[in-house]
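Have a look at the structure below before the remarks.
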Protein chains: 2
Amino acid sequence: MAQPIRFRQAPSPLKASCQQCSLSNLCLPLAVQDNDLDSLEDIVQQGRMYDRGEHIFDQSTPFRSCFAVKSGSVKTSIITEGGEEQVTGFFMPGELVGLDSMSGEFYACTAKALERTSVCEFPIEKLEELTGKLPDLQHHMYRLMSQEIQNSHQLAMLLSKNTAEERIAALLLSLSSRFQRRRMSPTNFSLPMARNDIANFLGLAVETVSRVFTRFQNQGLIRARGREVELLDVEALQLVTREFSRQNCQH
Amino acid sequence: MAQPIRFRQAPSPLKASCQQCSLSNLCLPLAVQDNDLDSLEDIVQQGRMYDRGEHIFDQSTPFRSCFAVKSGSVKTSIITEGGEEQVTGFFMPGELVGLDSMSGEFYACTAKALERTSVCEFPIEKLEELTGKLPDLQHHMYRLMSQEIQNSHQLAMLLSKNTAEERIAALLLSLSSRFQRRRMSPTNFSLPMARNDIANFLGLAVETVSRVFTRFQNQGLIRARGREVELLDVEALQLVTREFSRQNCQH
DNA sequence: CGTCCGAATTGATGCAAATCAAAGGATCAC
DNA sequence: GTGATCCTTTGATTTGCATCAATTCGGACG
């Protein structure tokens, strides 16, 4: 009697159990009916753990899979021939990494664990096959990719139109709402990335990021010590991000 | 005898004929087998003509369809509450507009004809249904969306790391290769967009764009009068775009 | 517990591009 | 053809942020 139960809980060390995963309402499983969840579990592979700083893939890795962050967090960046880096995104548990790589033989970016991180792996061939059978899952993939395009457009907008303060306020608020959706405090969290990564992502110098943090702190908007951040006045931060558009409103 | 021939050429005023379209090797049809082309033609609708400046859709339009540019060209932009505009892309014949809008009820951007433009319309529900049946078409959709993410990341990179000259050289070269793929001269073309749109897209002031154009002209890289542009020294322009990465290469 | 090295902060200076201002050019309507 | 309007170019000035330089902080590790 003990046997079958153990078997149900861990049918295979490589097979992930979406059923029991606390992220199932943030991740791909949210798109599929309960009775189709098995087929998603059939293709997903439990990935290994990555230490802080380890590469999950880089631009010389043949593209085979998308990865869902299970715990920890991931930074993606493009590295040019000249060694120049552009951070393109930060990914938190439940988010899917690799959607920008589905049009080429190799990954279009490099993915690095920002802290000790585990992932689930979705082999792309099997995933495509499955989305062909499950319209809801296909629809969800389209949504995710579309959202990724929108995010990137938002970033471009931030980079081309907004001041350093506006960019950083926007990032803090984005992180805040993403922590909140994961049932963590929206006002009290630990930044997974270094100042350097923030600077690179937002198109700023590290020194500027540092200065804005202290300015926000002096204004009583946040409290920051190292990577620990507390948002003291969310509304004021929202005002900062909107300042720009309001100032330019003609009325 | 005349009747059936007329009927084959124009079976219905609303139904497009991908078979006879010169863009079929750039557009969605390139992904499907000849014998499946019918089913694609069944769902595509011949859109109407748009005059320069006309909106194809805007951010208050319920999202129903993606559009392939048939002739002319299209500009997409996000318009914020404050009326601020961020140009997110320029689309040429064969390219698909609306992929960024598949995750919401309304279009995520505003699409405007830059010149007299015609489009083909792909109702999204029917398109999703069809991609569920045709794995090649589904794969192609994933590729297109992925490419769009990459393009947007490239833009973000350009905006955050490159000088005005580098940005404009990159845009000119991008347009050049896109004209070339459409069997038009890669060195001698007419810009579909105004200086203002270029400036907005690249995160610059109009004046800066104008200045860089004259600087390039004085250096003998291009010849520009109004929207007519001739690339005189493509290699030098490529050097300008790479200058940045080379300068920062530590070796 | 002290040492070391990368990360973060703070200050001083310089520059690329924005902004302000104004004059030409092109395009359209009438 | 002739204004009117918008688009583009050119020049003068300002400015936000990068860059350079120098501490200070903090965590890893013997």
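In what follows, every chain begins at residue 1, and chains take the letters A, B, ... in the order their sequences are listed. Since the structure is predicted, the reported quantities are computational estimates derived from the model, not experimental observations.
- Between the side chain of B:Ser146 and the backbone N or O of A:Asp100 there is at least one donor-acceptor pair closer than 3.5 Å.
- Aromatic ring orientation, B:Phe67 versus B:Tyr107: tilted (interplanar angle from 30° to 60°).
- D:dT10 atom C1' lies 14 Å from atom CZ of B:Arg195, rounded to whole Å.
- Judged by distance alone, the side chain of B:Asp51 and the main-chain N or O of B:Glu54 form no donor-acceptor pair under 3.5 Å.
- When rounded to the nearest whole Å, the span between CG of A:Asp197 and C1' of C:dG6 equals 14 Å.
- Rounding to whole angstrom units, CD of residue A:Gln217 and P of C:dT10 are separated by 9 Å.
- One atom, CG of A:Leu202, and another, C1' of D:dG16, lie 16 Å apart when rounded to the nearest Å.
- Protein atom CZ of A:Arg225 is 16 Å distant from nucleotide atom C1' of C:dA7, rounded to whole Å.
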How does protein reach along nucleotides 17-25 of chain D, written 5' to 3' as B (base within reach of a heavy atom under 4.0 Å), S (only sugar-phosphate), or - (no contact)?
-> SSBB-----
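- Annotation for B:Asn188 and B:Ser185: closest pair N-OG, 3.0 Å, computed over non-hydrogen atoms.
- Between the CZ atom of A:Phe216 and the C1' atom of C:dT10 there is a distance of 18 Å, given to the nearest Å.
- Listed for the A:Asp58 side chain is no donor-acceptor partner under 3.5 Å among the backbone atoms of A:Ala111.
- A donor and an acceptor atom, one from each side chain of B:Ser65 and B:Glu121, are located under 3.5 Å apart.
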Would you tabulate the pairs of protein nitrogen or oxygen atoms and nucleotide nitrogen or oxygen atoms of nucleotides 28-30 of chain C closer than 3.5 angstrom?
none

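- Between B:Phe179 and B:Phe189, the gap from one ring centroid to the other is short of 6.0 Å.
- As rounded to whole Å, 18 Å separates atom P of C:dA26 from atom CG of B:Asn196.
- None of B:Lys70, B:Arg181, B:Arg178 except one satisfies the salt bridge (Lys or Arg N to Asp or Glu O under 4.0 Å) rule with B:Glu95; the exception is B:Arg178.
- Separating the CZ atom of A:Arg227 from the P atom of D:dG27 is a distance of 10 Å, rounded to the nearest angstrom.
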